[in-house]
Undergrad: 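Before I ask anything, here is the structure I am working with.
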Amino acid sequence: MLNVQLNSFWSHELLPKVTSFRVLDQFIACVALFISYSLWRRCFSRLSGPNGEPLPPGPSPKFIIGNLTDIPYVDHWKTFANWRREFGPIVHVRAFGTSLIAISNLKYFNELFDKRGAIYSERPVFTMAGELMSMDQVTTWMSYTKSLRTHRKVDLQALKPEAVQKYHKLQEFAAAIYLQSIAEDPLNFHHTLRRMAAKVVVAIIYGQPLTADDGYLKHAAEIMDMLNTAVQPGRYLVDLLPFLKNVPAWLPLTGFLEEGKLGRKKLMQFIYDPIEQVEREIEDGTALSSIAADLLKELPQESTEESETLKEAITFAVGTLYGAGEETTFATIAIFILAMALNPEVQSRAQEEIDRVIGHSRLPEIDDRDSLPYVTALVTELLRWLPSVRSGIPRRLLKDDVYEGVYLPKDSMICPNIWSITQDPELYESPETLNPERFMGPKESQAIDPGTYVFGFGRRVCPGRYLALNTIFAFVSAILATYTISKSVDEEGRETSLDRITFHESIVAYPGTFPCKFNLRSEIARANFERKLAEGITY
Ligand code: HEM
């Protein structure tokens, strides 16, 4: 408890919980240390660029604490959008010598993250989650090192468009299981979607059958919770005062060290256990085709230092994919269900296209995408309408830089404000309207494809985007062919509406459960998914 209080004292709501005098003394000592440290950082922080370029505009800092109270802890995208309106596309805030810069301009994203990728491809350092819990060994949070480049090579080989084609049948089969689960338990559509989206990822990365028990998913949920908490800015004092990681563990108030150790142990189990299982399955000839099995089989028979390094990279690169791919994919499909409940005209137009092109004798397949332009445009519009990763994954600036006449200091945390781009009326007419047609017709007259930025940029662009788009298309087209989704009412009799829905907001944003109805379109539609399930799957 004590550790939680002190480690977390940057989180405003935890401050008043410090009660006993002994704790209070230690708390005051920490605050004193903290203030001295921040004053020291302030003295050594440059406030202008090499030729006197000013820092970007932003909310005025306060004495000692700087912009501490301005920095958002939740819903970053909302604050970033407000800042954009007030201060422009590059906004700077600083607390205790560390700068946070929110960028809200598509051209700037491309110029900084792509063209100046050599200095904009690092991730921020989290002492607790990264160094103590070892999260800096998973692809998403790794430094841009040789090892990260090997991870990305592994990912790109396993997740390039031609490589992910072999999972089409699996993705379509998972969609059919989902259709059946809606028929059996429509009220639970949100929970079963989360479970199914997770199972598809585990089946693809480790070859676990879709029918396997939920053991891995439970373990994964625990790890994700732990890590999501650990990366919350200011959650741990050691993130602010990194030298604390070296203090002896017998000192008071150092429980975070034990917490870090335990976190590391859990993370290592989560990464190593499933890959060791795949190795055993390869040995006894039972391994199903999967990213892990395919990569391990390609390793040279003889163990060398090089092959062991590659195997380690495969273990961690594959171990990252679940966390990176499950919640994001689920979020987009959940947003689709919500969008259909709120936009019946869009839904009936998409259904009309499926009925006309595919007919009624089977479910749509991923390979039908090119003949279903409206449904394809709908998927693109979903990425824009309510993007699931609204403020990207932050970067850390490796060197001082000057851009558009302002000074961007080394080590700043750079946040791409994806949300503001998707809602920019200059790029998208009536951005709040779900309108797939903006992505139809001649290429030159179409709006900017959000797929070019919602998956990130440059050297760190999301390697799982092709796989994600396939899963999303499989679920979206299968649901449209089978059910008509409509608004419903909650326990208090209120109808579904966007402003009543609570969004889960972390790095990934997705709607919490909401009332909606699934009406089976016909008995033929039911027969289609039942036949698919009866045929089973080989891949
Ligand atoms: C709709 C679904 C998805 C969205 C919106 C999404 C979005 C993103 C974004 C914004 C980033 C940060 C890129 C940057 O820093 O510029 C990212 C990174 C990443 N994504 Fe995805 N993603 C999705 C699905 C997936 C899937 C299905 C996988 C794998 C199975 C995946 C694997 C990764 C990995 C490994 C990274 C880290 C890359 C790095 O740091 O170098 N993602 N994703």
Side-chain angles (χ1 to χ4, degrees), residues 77 103 109-110 112-114 117 120-124 130 135-145 147-160 163-164 167 170-171 174 197-206 220 290-292 313-314 316-336 379-380 382-396 413-419 421-422 450-476 506-510:
W77 55 280
I103 313 259
F109 288 165
N110 294 330
L112 298 179
F113 298 131
D114 244 328
Y120 283 87
S121 298
E122 275 295 345
R123 294 285 187 215
M135 207 164 105
D136 53 7
Q137 292 184 42
V138 304
T139 319
T140 325
W141 296 103
M142 257 174 116
S143 242
Y144 195 78
T145 54
S147 179
L148 186 266
R149 287 194 287 279
T150 314
H151 277 223
R152 289 197 58 97
K153 246 190 220 156
V154 165
D155 282 348
L156 296 177
Q157 180 188 336
L159 295 165
K160 62 187 174 198
V164 295
Y167 304 114
L170 178 87
Q171 289 160 311
K199 281 181 167 261
V200 182
V201 180
V202 189
I204 291 173
I205 60 180
Y206 294 122
S290 69
I291 291 180
I314 291 173
F316 277 85
V318 175
T320 305
L321 297 181
Y322 177 84
E326 173 267 328
E327 205 177 33
T328 41
T329 310
F330 155 73
T332 312
I333 305 171
I335 288 164
F336 156 73
V379 170
T380 308
L382 291 168
L383 299 175
R384 183 206 66 80
W385 185 59
L386 291 179
S388 57
V389 187
R390 297 179 174 184
S391 38
I393 301 185
R395 307 285 183 91
R396 178 169 59 88
M413 192 192 270
I414 313 278
C415 298
N417 179 12
I418 289 172
W419 171 263
I421 309 304
T422 63
T452 58
Y453 61 87
V454 297
F455 292 107
F457 321 89
R459 301 177 189 199
R460 305 293 302 237
V461 67
C462 171
R465 58 201 187 280
Y466 306 109
L467 185 75
L469 288 171
N470 288 349
T471 306
I472 295 163
F473 185 85
F475 276 66
V476 162
S506 181
I507 285 184
V508 181
Y510 59 84

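Whatever order the structure lists them in is the order used to number ligands and atoms, beginning at 1.
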Undergrad: Run the ring-centre check on F109 versus Y453 and record whether the distance is less than 6.0 Å.
TA: no
Undergrad: For the backbone of R396 and the side chain of E122, can you confirm whether one donor and one acceptor N or O come within less than 3.5 Å of each other?
TA: no
Undergrad: So does Y144 get a backbone contact from the side chain of R123, meaning a donor-acceptor N/O pair under 3.5 Å?
TA: no
Undergrad: As an exercise, identify every atom of ligand 1 less than 4.0 angstrom from a heavy atom of T332.
TA: 1 (C)
Undergrad: Measure up the Y120 and F113 rings against each other and bin them: parallel (under 30°), tilted (30 to 60°), perpendicular (over 60°).
TA: perpendicular
Undergrad: Could you check whether any side-chain N or O of R395 sits under 3.5 Å from a backbone N or O of P124, counting only pairs where one atom can act as donor and the other as acceptor?
TA: no
Undergrad: Checking the side chain of R465 only, and the main-chain atoms of F455 only, is there a donor and an acceptor separated by less than 3.5 Å?
TA: no
Undergrad: Looking at R395, which atoms of ligand 1 are within less than 4.0 Å of one of its heavy atoms?
TA: 14 (C), 15 (O), 16 (O)
Undergrad: Let me see the working for F475 and F336 under ring pair (Phe, Tyr, Trp, His ring centres under 6.0 Å), right down to the final yes or no.
TA: CA-CA 10 Å; F475 276 66; F336 156 73; 9.8 Å; no
Undergrad: What are the two closest heavy atoms between T139 and H151, and how far apart are they?
TA: OG1-ND1, 2.9 Å
Undergrad: Could you list which atoms of ligand 1 come closer than 4.0 Å to a heavy atom of S388?
TA: 5 (C)
Undergrad: To the nearest 0.5 Å, tell me how far S388 OG sits from I472 CD1.
TA: 7.5 Å
Undergrad: Using a strict 4.0 Å cut-off to heavy atoms of V454, name the atoms of ligand 1 that fall inside it.
TA: 5 (C), 7 (C), 10 (C)
Undergrad: Judged by atom type as modelled, is there a donor-acceptor pair below 3.5 Å linking the side chain of R384 to the main-chain atoms of T422?
TA: yes
Undergrad: Do any protein N, O or S atoms sit under 2.8 Å from atom 21 (Fe) of ligand 1, and which ones are they?
TA: C462 SG
Undergrad: Heavy-atom contacts with R152 under 4.0 Å: which atoms of ligand 1 show up? List them by number with element.
TA: 38 (C), 39 (C), 41 (O)
Undergrad: Considering only heavy atoms of T139, which atoms of ligand 1 have at least one such atom less than 4.0 Å away?
TA: 40 (O)
Undergrad: Does an N or O from R123, backbone or side chain, lie closer than 3.5 Å to an N or O of ligand 1?
TA: yes
Undergrad: Would you mind running through ligand 1 and noting each atom that sits below 4.0 Å from a heavy atom of F457?
TA: 16 (O)
Undergrad: In the protein, what heavy atom is nearest to atom 13 (C) of ligand 1, and what distance, to one decimal place, separates them?
TA: R460 O, 3.1 Å
